[in-house]
Amino acid sequence: MTVAHDLQPEEKKQAIVVPGPFDIERIRADFPTLHEKVHGDKTVVYLDNAATSQKPRIVIDTLNHYYTHDNSNVHRGVHSLSQRATFAYERARGKVKNFLGAESEKEIIFTRGTTEAINIVAQSYGRTFLREGDEILISEMEHHANIVPWQMVRNQTGAKLRVIPMNDRGELLMEDFYKLLTKRTKIVSFVHVSNALGTINPAKEIIDAAHGVGAVVLVDGAQAVPHTRVDVRELDADFYTFSAHKVLGPTGIGALYGKRDLLERTPPWQGGGDMIDRVTFEETTYNDLPHKFEAGTPHIAGAIGLGAAIDYMHRIGFENVEQQEANLLLYGTERLSEIEGLRIYGTAADKAGVLSFNVDGIHPHDLGSIMDMEGIATRVGHHCAQPVMQHFGIPATCRASLAFYNNTEDMDLFVQALYKAIRMLK
Ligand code: PMP
C-alpha cells in the first residue's frame, strides 16, 4: 500500500521556479564542484562530463533529505517511513517514464546504470531467444559496455557478432549497415551518441531498418540523454538505456526502458526478493513488471536523486542545453583547429559536445597531466572504446567533453592550458 506524501521541501522550492532565460552564471552557482579549487588556487574547469556530470545542489539536497527524513526499505513495509520511501521511489520511476516518453511505468526498470541494463538485455532477452546462426549487430564505435555483453551471449548461444564500420569522420557507413542487415539479424544494439567521438547516430533510421528485418533494437543512450530530448516512442526503440550519473544524478543508478510486450515475454535476470510473486521450494512465480527485473533492495536514494536530476534538466530545458553546447562545441573546435599538429577525432556532420584530439609527438597522458596542474579536468585514454582507437591506429586521445553548465571562459582556460602544455612538451 502506498500513501500519497507531500512534496519534499527541496522539491517544493524547485516546483515554484519558473524556467527563465538561460542564465549561465546562475546555473553554475547551482553546482558546488564547479567552484572547487585544486593544486592550491586553481578553480576546476570541468570538461570530463562524458565520464560523469557534476551534480546540482538540488540533487545533493534530495539525497540528504531522503536519508535524513524518509530512509526505509521499499514495497514491503506497512509503516509510514516505508510508505514514504516507496512513494518517492515509485514517483521517480514516473519521472523517468516521462523523461523518456515511455507509455507506462511498467516499462521502466531501475538498474545500476547503462552497463547493467545492457547485460540484462543480453542475458535475459538475448540468451533466451538467440539461436546458433542468429546475428547480433553492433557498431565500430561502441563503448565496451555494448560490446562485451554481446560477446558473452554470442559464446553462450552460438550467435554471431557483426560490426557496422565507420569512416574516418566517425560516421557509421550506412551502406554497409544495410548490407549487414539480413533476416539472420535478431538484435541490433548501437550507441545513440558516441562517448569517444561525439557522433550522433541516425537512430530512427537504424531502428526502422532493423524492424524491417524483424530485429529487436537496443539503444545505448548514455551520452544522448544529457544533451538532447529523447522520446523512445518516437524512436520506436525496443530497449533504451542510460545512466543517472551522466545526467546530473547519482552514481549506481540508471534505467532500462523496454517495450511492455517484450519485457513480459522476457524472463527475469536475477532472482531474489521483490521480483517474486509466490515462492515454494518446488516453484516460484514472478512479480509483475517492472519489479520482475528488480531483485533485491534497489538503490532507493539513487532513484529519488535521479528524479530530482530529471526535474532540474526540465527546468533548464533541452533547447537551452543543446544551444549552449552547440555554441561551445563550435567555439572549441575553432580554437583547437588553430593549433599546429592537433588532430580532432570525430568530425561527424551531426555531433555532440565531445572534443577528442591528439597533438603530434605528444602523449595525451602528458597533456592531461599538465593541464590538470592548471585545474583543467579532461580525460585521457581509450575512453572504453578500444575499437575506435584501433580504427585510427592510436592508443589514446585527450578528450574534453562539454555540459550546458560550461561557459566560454572554460574553453578559453582549457585552450590556454593546452598551449602551455604543448610548449612544455615540445
Ligand atoms: N555507453 C556509453 C556510450 C558510455 O559513455 C558509457 C559510460 N562512459 C557507458 C555506456 C557505460 O555507462 P556506465 O558506466 O554508467 O554503466
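We count residues from 1, following the sequence as given. Note that the coordinates shown come from a computational prediction; the quantities given were computed from them, not determined experimentally. Atoms within each ligand, like the ligands themselves, are counted from 1 in listed order.
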Which pairs of N or O atoms, one from ligand 1 and one from the protein, are separated by less than 3.5 Å, and what is the distance for each pair?
residue: ligand 1; atom: 1 (N); partner: Asp220; partner atom: OD1; Å: 3.3
residue: ligand 1; atom: 1 (N); partner: Asp220; partner atom: OD2; Å: 2.5
residue: ligand 1; atom: 5 (O); partner: Gln223; partner atom: NE2; Å: 2.7
residue: ligand 1; atom: 8 (N); partner: His143; partner atom: NE2; Å: 3.3
residue: ligand 1; atom: 8 (N); partner: Lys246; partner atom: NZ; Å: 2.8
residue: ligand 1; atom: 15 (O); partner: Ser243; partner atom: OG; Å: 2.7
residue: ligand 1; atom: 15 (O); partner: His245; partner atom: NE2; Å: 2.7
residue: ligand 1; atom: 16 (O); partner: Thr114; partner atom: N; Å: 3.4
residue: ligand 1; atom: 16 (O); partner: Thr115; partner atom: N; Å: 2.9
residue: ligand 1; atom: 16 (O); partner: Thr115; partner atom: OG1; Å: 2.6

Would you say Thr86 and His75 are linked by a side-chain donor-acceptor pair, where the criterion is simply a distance under 3.5 Å?
no
Would you call Val191 and His143 a side-chain contact if the rule is heavy atoms closer than 4.5 Å?
no
Side-chain donor-acceptor pairs under 3.5 Å in residues 364-371, sequence neighbours left out?
residue: His365; atom: ND1; partner: His363; partner atom: ND1; Å: 3.3
residue: Ser369; atom: OG; partner: His365; partner atom: O; Å: 2.8

Looking only at the aromatic ring of each residue, does the gap between the centers of Phe242 and Phe99 stay below 6.0 angstrom?
yes
Could you go through residues 411-422 and list every donor-acceptor pair under 3.5 Å that involves a side-chain atom there, pairing it with any protein atom two or more places apart or in another chain?
residue: Asp412; atom: OD1; partner: Tyr331; partner atom: OH; Å: 2.4
residue: Asp412; atom: OD1; partner: Arg335; partner atom: NH1; Å: 2.9
residue: Lys420; atom: NZ; partner: Glu374; partner atom: OE2; Å: 2.9

Pairs touching residues 247-259 that satisfy side-chain hydrogen bond (donor to acceptor under 3.5 Å, both in side chains), sequence neighbours left out:
Asp236-Lys259, Asp238-Lys259
